[in-house]
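Accompanying notes for the structure given below.
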Amino acid sequence: MSKTSDRLSPSRLPRNVARASSASLIASALLLPSLSNASEPVSVGPRPAYLVSQMADGELKTRLQGCIGQPVGKTLFSISHRGAPLQFPEHTEEGYRAGALMGAGILECDVTFTKDKELVCRHSQSDLHTTTDILATELTGKCTGAFVPAKGDTPAAAECRTSDITLAEFRTLRGKMDSADKTAQTVDDYLKGTADWRTELYGHTGTLMTHAESIALFKDLGVKFTPELKAPKVAMPFDGFSQADYAQKLIDEYKAAGIPAEDVFAQSFNLDDVLYWIENEPDFGKQAVYLDGRRNLNPLDPSTFSPSMEELKDMGVNYLAPPLFVLLTLEDGKIVPSPYAEAAKAAGLKLITWTLERSGPLNSGGGWYYQTVGDAIDSDGDMMDVMHVLAQDVGVEGIFSDWPATTSFYASCMGLE
């Protein structure tokens with residue numbers, strides 16, 4: 001996640017068959033052979049060119065136009081967020097392969113655990129009801145909360161946790177696009193609800209993965225690793241499994257696979273997890289990432305930065321990752337770095353941010369991810385301007401994206417590593 005100083009203002013198949021089929025599906029979709037190592041080509045498809053076409057005329061647009069159709073290389077600036085969930089079910093083999101094929105140099109497995117305390121890739125311990133087909137299987141009876149249809153003003157609901165089922169049972173599920181129809185009267189309808197700016201085109205072959213399997217896949221794809229230790233929904237310790245055990249097991253799976261610590265960027269929103277790694281696994285801890293989701297933080301007011309940037313640095317934290325709006329503000333209508341960004345840089349913290357391509361069309365201000373600069377956002381092309389400020393003025397090391405082609409294209413055009 002480093003950069004140069006260049007500046008410019010069907011039905012489920014058996015697991016092994018499903019994997020072979022998923023690779024073929026993505027190869028067909030992106031018109032290139034599936035990526036099996038770092039030397040094979042990157043495909044970014046037509047979306048970056050579309051985004052550039054939507055930009056306001058100017059020097060940046062002209063430079064990016066000159067890069068359209070040029071070769072794009074794998075880059076650590078481009079971080080695959082849960083795979084490629086703009087179009088593929090998140091945390092599935094198919095999505096991960098798509099992210100790597102689009103040039104992401106780092107792939108993410110959000111890590112949680114099953115009833116038998118095995119680590120698996122899911123965004124939350126409690127999302128199986130929206131990200132898999134569990135409600136349509138016999139495992140629905142094991143869910144924390146059974147499906148309840150919508151009634152009046154009360155939305156439809158369900159809750160299925162990875163900790164409700166064993167690893168063997170987890171392996172029988174199929175990943176789907178993360179969505180739920182809260183007006184549903186039936187399970188079948190509840191499992192629908194995908195946003196109209198996403199797609200179901202690749203939504204029927206989602207191969208779920210354990211954390212260890214993601215490590216093996218990412219290694220084969222020639223990328224680096226950014227696992228996120230997700231907050232448990234169950235009380236800890238869970239059947240004797242403590243938070244420290246959980247944090248340690250994540251690292252142990254990289255050590256067991258022979259992955260060098262410098263290739264792993266372990267993440268957590270829980271500062272105590274990061275501090276655990278710094279103290280107990282210093283080789284991994286020195287590039288552990290503190291995901292900054294502090295709700296009482298105002299990115300424009302340094303008095304709300306608690307712990308302060310200097311205090312975080314003194315604790316041994318080197319990487320800080322807030323949502324992209326925290327790093328930006330407007331000055332005379334122009335997007336510029338926020339006081340938060342300036343303070344982090346002054347303290348010597350390296351910055352990563354999230355998440356590009358997660359907001360849908362940007363013709364109405366961009367929503368939550370763009371909230372500090374929404375008045376300057378009115379087209380999809382503005383995404384490229386935002387990325388440019390983040391890369392060149394804020395100086396982020398990398399950007400998470402739901403469609404890594406966009407970040408890979410930009411990084412290649414700008415000569416970022």
Quick check on [X]: does its [atom1] atom have over 12 non-hydrogen neighbours (other residues, nucleotides or ligands) under 6.0 Å away?
X	atom1	result
Lys313	NZ	yes
Gln70	CD	yes
Lys350	NZ	no

How would you list, by chain and number, every residue that makes a side chain to side chain contact (heavy atoms under 4.5 Å, CB included) with Lys233, sequence neighbours excluded? Ser124, Gln125, Ser126, Arg161
Are [X] and [Y], when compared by the centres of their aromatic rings, separated by less than 6.0 Å?
X	Y	value
Phe241	Phe113	yes
Trp354	Phe269	yes
Phe225	His211	no
Phe88	Tyr96	no
Tyr190	Phe147	yes

Among Arg171, Glu94, Arg97, the one residue meeting side chain to side chain donor-acceptor pair (under 3.5 Å) with Thr207: Glu94
Option from His81, His91, Arg122 for which side chain to side chain donor-acceptor pair (under 3.5 Å) with Asp110 holds: His91
Verify the distance criterion only: is there a donor paired with an acceptor across the side chains of [X] and [Y] at less than 3.5 Å?
X	Y	value
Thr131	Asp178	no
Glu357	Thr406	yes
Thr144	Glu159	no
Glu200	Thr194	yes
Asp301	Ser303	yes
Ser78	Ser408	yes

Expected output: side-chain Asp133 to main-chain Arg174 donor-acceptor under 3.5 Å: yes
For the side chain of Lys176 and the backbone of Ser179, is there at least one donor-acceptor N/O pair under 3.5 Å apart? yes
Which atom pairs, donor and acceptor, lie under 3.5 Å between side-chain atoms of residues 359-367 and protein residues at least two apart or in another chain?
{"unit_1": "Ser359", "atom_1": "OG", "unit_2": "Gly366", "atom_2": "O", "d": "3.4"}

Going through the checks in order, is the side chain to side chain donor-acceptor pair (under 3.5 Å) test met by Asn298 and Tyr340? CA-CA 8 Å; Asn298 179 349; Tyr340 177 105; over 6 Å; no
Taking disulfide (SG to SG under 2.5 Å) as the cut-off, I'd like each qualifying pair that reaches into residues 220-315, sequence neighbours left out, listed once. none
Any side-chain heavy atom of Ser412 sitting closer than 4.5 Å to one from Val42? no
Test side chain to side chain donor-acceptor pair (under 3.5 Å) on Gln248 and Tyr276; report intermediate values, then the result. CA-CA 9 Å; Gln248 186 62 51; Tyr276 174 88; 2.7 Å; yes
Verify side chain to side chain donor-acceptor pair (under 3.5 Å) between Ser80 and Glu108, making sure each step is shown before the conclusion. CA-CA 6 Å; Ser80 166; Glu108 177 188 47; over 6 Å; no
